[in-house]
Structures are given as C-alpha cells and as structure tokens.
Q: 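My questions all concern the structure below.
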Amino acid sequence: MSVSITKENYQKEVLNSSLPVIIDVFASWCGPCQQMVPIFEALEKELKDSYKFVKLNVDEARSLSIEFGVTSVPTFIFVKNGTVKGKETGYMSKEDLKATIEELLGN
C-alpha cells in the first residue's frame, strides 16, 4: 500500500528515499484519479523493488501540490535523488505509465 505524502513526511518519504519515487497526485472526487488506482497499485506490486510509489491528496496537502505546480489531477511526479525528473498529467494506461517511469527514472 502506497504511503500518503504530507508536508510533514515529504522529506523522509521522498527526498531521502533510496529509491526513485513516483508520486500520484490525486483527489477523491476525481474520476480519472479513481480509474488510475488499480493501475498505480498494479505497477507498485510489479516494480516495488526498484521504485517507491506514494500518493499525495491535493485536498489534504494543498501547499505541496502548489509547490509542485499541480494544476489538474491526476498528475504523476517522478523524483530521483531528491530531484523532480518529470511530471505527467492525466489518465495513463499501465503500459504508458510504466514506460514513462523507466524513461524518466531508469530501470
């Protein structure tokens, strides 16, 4: 199960992570976000040894969302060694999300 990111645990869970991190920025009221849940969870199970998967609720962590420049959800933020390597917005198929992860964060 993905860790929920807050302002309080962001440093520990994302910036200090030994693995590259994929942040799923979502909202509970967002239809496409709900469609991404099984895809994100499936990739987390498949790739958990190589990547860390975390979730950021825009309604609960608004300041972090603003810091990331999130303007719509779902948005996926790819972080490696504490640096944002890329950001994608909108629904993605499992294959597309996996390819983006590998392209931006290495495999």
Side-chain angles (χ1 to χ4, degrees):
M1 181 88 178
S2 304
V3 172
S4 290
I5 296 302
T6 63
K7 191 79 168 161
E8 293 72 35
N9 72 359
Y10 173 71
Q11 174 100 25
K12 174 182 177 262
E13 298 294 343
V14 177
L15 295 181
N16 295 342
S17 175
S18 59
L19 294 174
V21 180
I22 299 94
I23 305 170
D24 175 8
V25 185
F26 75 100
S28 58
W29 44 262
C30 163
C33 297
Q34 299 310 313
Q35 292 176 310
M36 287 303 304
V37 169
I39 294 169
F40 196 74
E41 289 176 351
L43 282 174
E44 180 178 17
K45 285 180 186 159
E46 188 178 323
L47 303 172
K48 68 180 181 223
D49 294 335
S50 301
Y51 304 99
K52 183 174 189 175
F53 290 76
V54 300
K55 296 182 81 64
L56 182 116
N57 184 321
V58 293
D59 294 321
E60 294 173 3
R62 187 167 301 283
S63 63
L64 263 181
S65 302
I66 291 168
E67 280 181 43
F68 282 123
V70 172
T71 56
S72 62
V73 287
T75 292
F76 300 92
I77 301 168
F78 306 90
V79 180
K80 187 173 187 178
N81 299 324
T83 303
V84 174
K85 297 297 185 180
K87 185 166 59 170
E88 294 287 333
T89 300
Y91 175 87
M92 299 173 80
S93 69
K94 180 181 176 189
E95 295 76 22
D96 287 344
L97 181 55
K98 184 176 181 181
T100 302
I101 290 168
E102 292 172 347
E103 176 187 333
L104 294 173
L105 301 177
N107 49 3

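Since this is a predicted model, take the numbers as computed values, not measurements.
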Q: State the CD-CG distance between Glu13 and Leu56, to the nearest 0.5 angstrom.
A: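 Those atoms lie 12.5 Å apart.
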Q: First locate atom OG of Ser93, then atom NZ of Lys98, and finally report the distance between them rounded to the nearest 0.5 Å.
A: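 It comes to 11.5 Å.
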Q: To the nearest 0.5 Å, tell me how far Lys80 NZ sits from Leu19 CG.
A: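 With rounding to 0.5 Å, NZ (Lys80) is 10.5 Å from CG (Leu19).
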Q: Minimum heavy-atom separation for Val21 to Val14, with atom names?
A: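 Minimum heavy-atom contact is CG2-O, 4.0 Å.
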Q: So, does Asp24 use its side chain to make a donor-acceptor pair with the main chain of Val37 at under 3.5 Å?
A: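 Flag not set: sc Asp24 to bb Val37 has no pair under 3.5 Å.
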Q: Between Lys85 and Leu104, is there a donor-acceptor pair closer than 3.5 Å when you use the side chain of the first and the backbone of the second?
A: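 No; zero donor-acceptor contacts below 3.5 Å.
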Q: Quick check: closest heavy atoms across Lys94 and Ile39, and the distance to 0.1 Å?
A: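 Result for this residue pair: CA-CG2, 3.6 Å.
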Q: Measure the shortest side-chain to side-chain distance between Phe40 and Ile22 over non-hydrogen atoms and say whether it is less than 4.5 angstrom.
A: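 A side-chain contact under 4.5 Å exists here.
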Q: Does Asn81 CG have over 12 foreign heavy atoms under 6.0 Å away?
A: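 No.
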Q: Would you call Ser4 and Asn57 a side-chain contact if the rule is heavy atoms closer than 4.5 Å?
A: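 Sidechains of Asn57 and Ser4: no contact.
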Q: Applying side chain to side chain contact (heavy atoms under 4.5 Å, CB included) to Leu64 and Val25, what does each step give before you reach the verdict?
A: CA-CA 10 Å; Leu64 263 181; Val25 185; over 6 Å; no
Q: Just by distance, do the side chain of Lys55 and the backbone of Phe26 share a donor-acceptor pair under 3.5 Å?
A: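 Absent.
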Q: Check the pair Lys87 / Thr75 against side chain to side chain contact (heavy atoms under 4.5 Å, CB included), numbers first and verdict last.
A: CA-CA 7 Å; Lys87 185 166 59 170; Thr75 292; 3.5 Å; yes
Q: If hydrophobic clusters are built from ILVMFWY residues whose side chains come within less than 4.5 Å, do Leu97 and Tyr91 share one?
A: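 Both belong to a single hydrophobic cluster.
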Q: Could you pull out the closest heavy-atom pair between Cys33 and Pro74, with the gap in Å?
A: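 In this case the closest contact between Cys33 and Pro74 is SG-N, 3.5 Å.
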Q: With rounding to the nearest 0.5 Å, note down the distance linking OG1 in Thr6 to CD in Glu60.
A: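 That separation rounds to 9.5 Å.
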Q: Between Thr100 and Phe76, does a side chain to side chain contact (heavy atoms under 4.5 Å, CB included) hold up when you go through it step by step?
A: CA-CA 10 Å; Thr100 302; Phe76 300 92; over 6 Å; no
Q: When rounded to the nearest 0.5 angstrom, what is the spacing between CD1 in Ile23 and CZ in Phe68?
A: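 Separation between the atoms: 4.0 Å.
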Q: Has the side chain of Gln11 got a donor or acceptor atom that lies under 3.5 Å from a matching backbone atom of Asn16?
A: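 Checked: no pair found.
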Q: Would a single hydrophobic cluster contain both Leu15 and Val54, if residues Ile, Leu, Val, Met, Phe, Trp and Tyr are joined by side-chain heavy-atom contacts under 4.5 Å?
A: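 In one cluster with Val54: Leu15, yes.
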Q: Over all heavy atoms of both residues, which pair between Gln34 and Ser28 is shortest? Give the atoms and the distance, please.
A: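 Nearest heavy atoms, Gln34 then Ser28: NE2-O, 3.2 Å.
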Q: Got a second to check how far Met36's CE is from Glu41's CD, nearest 0.5 Å?
A: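 If I round to the nearest 0.5 Å, the distance is 11.0 Å.
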